[in-house]
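Sequence lines set the chain letters: A, B, ... in the order given, protein chains first and strands last, and positions in each chain run from 1.
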2 protein chains.
Amino acid sequence: MQTTNTTEQQIIEAARKIFMHRGLTGARMQDIADEAGINKAMLHYYYRSKDKLFDIVLTEAVDQMLSRLNAVFSGDLELPEKIRSAVDNYITGISENPFLPLFVLNEINQNPHRIAERFLSAPNFPNIRGFAQQLLEGMEKGTLRKVDPVQLMISIISMCIFPFLAKPLLQAVFTIDDPAFLGFMEERKVFVTEFVLNALRP
Amino acid sequence: MQTTNTTEQQIIEAARKIFMHRGLTGARMQDIADEAGINKAMLHYYYRSKDKLFDIVLTEAVDQMLSRLNAVFSGDLELPEKIRSAVDNYITGISENPFLPLFVLNEINQNPHRIAERFLSAPNFPNIRGFAQQLLEGMEKGTLRKVDPVQLMISIISMCIFPFLAKPLLQAVFTIDDPAFLGFMEERKVFVTEFVLNALRP
DNA sequence: GTCTATATCGGGATAGAC
DNA sequence: GTCTATCCCGATATAGAC
């Protein structure tokens, strides 16, 4: 039992890459085989069907997104620092895997029930209540302007994720290349943090 | 030449519905024919191929999104009122066609070059400069906190669009049904407007 | 213009040799 | 475990009668 580059691993990695980019219906088994540098039949030998293979990739992806959400809303930092670190971690994480959000959102929209269940039953489902509680306390004390915590949480996530979803469009509109886009997202960490904290001033 | 419900029209409407929901690779010509209440062969009679049909739907969709962006950033209102009306119009517009953003973002990511060109060469490309200029003036006068106009514009759009992209997920996480979601988006119009204006206080 | 029947093709899946 | 060849089905596309 070798630790790296076993055939199963190669297949999963290839499948992840192709499925992420093309989606379930857009991906072809041949593409995955080519990407993995093996034969098409091997895919069926190790994983019985396209659906099975896809299921594994999707589960991994959902898990990964949940971990990120967790990172955003858990921990016991003070609010400003928590928001700063949340935005930072989130944008950094997605930068390493920029197709992940679109992939997950897509498949959720294709099959809401199946995936919603998977999210809710996940062991690492994020601790939303804790963050909301922390916000409410700040509002009671008067250090924060009163806003709906749910609206706020969704706004923070929106501002972090959306630019990745619309990346090619933004690049076209503002004529920026790939390195410049990364720079833009680095600046965005600061912008979003400042933006949110300023919006929450009483 | 009748004004409504010509066969071409029925086909386009059906194609729009199916393509929006399933994407290019996920949609089947049979589904479109069923939806239009006609025979599969008719699709090829009026529009030569699946690709041709898809192209028409996509072009329409891109156009529609550009119009919305235009609505957000054009006009000659004062800034607070402009932002309020922009958010309102945008959320209302997408509510009527909630699959549009995911559809467009998807196909942009599948084929960045083709679609980016289409965006940029569109006659109704939004007047971004005007809005940015308006912001800069406010910042000079000291009525607005200084921020990067591009980051701001993307943030406003993010907060309006993202909830629609993640709708099934949000519904699962917060256990809200369809009517409640609409209510949530109504409240969001006010929230986003207030949020942005407060963030821009000097 | 509208239908039925059919050709054609791509891609998922399996058989079987090695 | 790995390969080649092949099966088989679903989906696009076309032919041709009416």
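When the ring-ring contact (aromatic ring centres under 6.0 Å, His included) test is applied to F99(B), the partners found at least two apart in sequence or on another chain are H21(B).
A cation-pi arrangement is found for K167(B) relative to F181(B), the charged atom lying closer than 6.0 Å to the ring centre and inside a 45° cone about the ring normal.
For R22(A) and dG12(C), the CZ to P distance is 14 Å, given to the nearest whole Å. The distance from atom CD of Q30(A) to atom P of dG12(C) is 9 Å, rounded to the nearest whole Å.
Proximity of R16(A) to I32(A): side-chain heavy atoms (C-beta onward) are nowhere separated by under 4.5 Å.
Across the helix from dG1(C)-dC18(D) to dC18(C)-dG1(D), the helix axis at one end is tilted relative to the axis at the other end by 10° (nearest 10 degrees, each axis from five pairs).
The shortest heavy-atom contact between S158(B) and M159(A) is CB-CA, 4.1 Å.
Near DNA chain D, meaning a heavy atom under 4.0 Å away, the residues from residues 36-46 of chain B are K40(B), A41(B), H44(B).
Within the 3.5 Å criterion, the main-chain N or O of R84(B) finds no donor-acceptor partner in the side chain of D88(B).
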Which donor-acceptor pairs under 3.5 Å do the side chains of residues 146-153 of chain A make with protein atoms, sequence neighbours left out?
residue: D148(A); atom: OD1; partner: V150(A); partner atom: N; Å: 2.9
residue: Q151(A); atom: OE1; partner: R188(B); partner atom: NH1; Å: 2.7
residue: Q151(A); atom: NE2; partner: F184(B); partner atom: O; Å: 3.3

Which atom pairs, one a donor and one an acceptor, fall under 3.5 Å between side chains of residues 50-58 of chain A and the rest of the protein, sequence neighbours left out?
residue: K50(A); atom: NZ; partner: L24(A); partner atom: O; Å: 3.0
residue: K50(A); atom: NZ; partner: A27(A); partner atom: O; Å: 2.8
residue: D55(A); atom: OD1; partner: R118(A); partner atom: NH2; Å: 3.3

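The number of heavy atoms from other shown groups lying within 6.0 Å of CZ (R145(A)) is above 12. For D177(B), the CG atom counts as densely surrounded, since its 6.0 Å shell holds more than 12 non-hydrogen atoms of other residues, nucleotides or ligands. Within 6.0 Å of NZ in K17(A) there are 12 or fewer heavy atoms belonging to other residues, nucleotides or ligands.
The footprint of chain B on DNA chain D, defined by a heavy-atom cutoff below 4.0 Å, extends from dA11(D) to dT14(D).
Among the protein residues, A33(A) comes within range of no part of the nucleic acid, since none of its heavy atoms lies under 4.0 Å from any strand.
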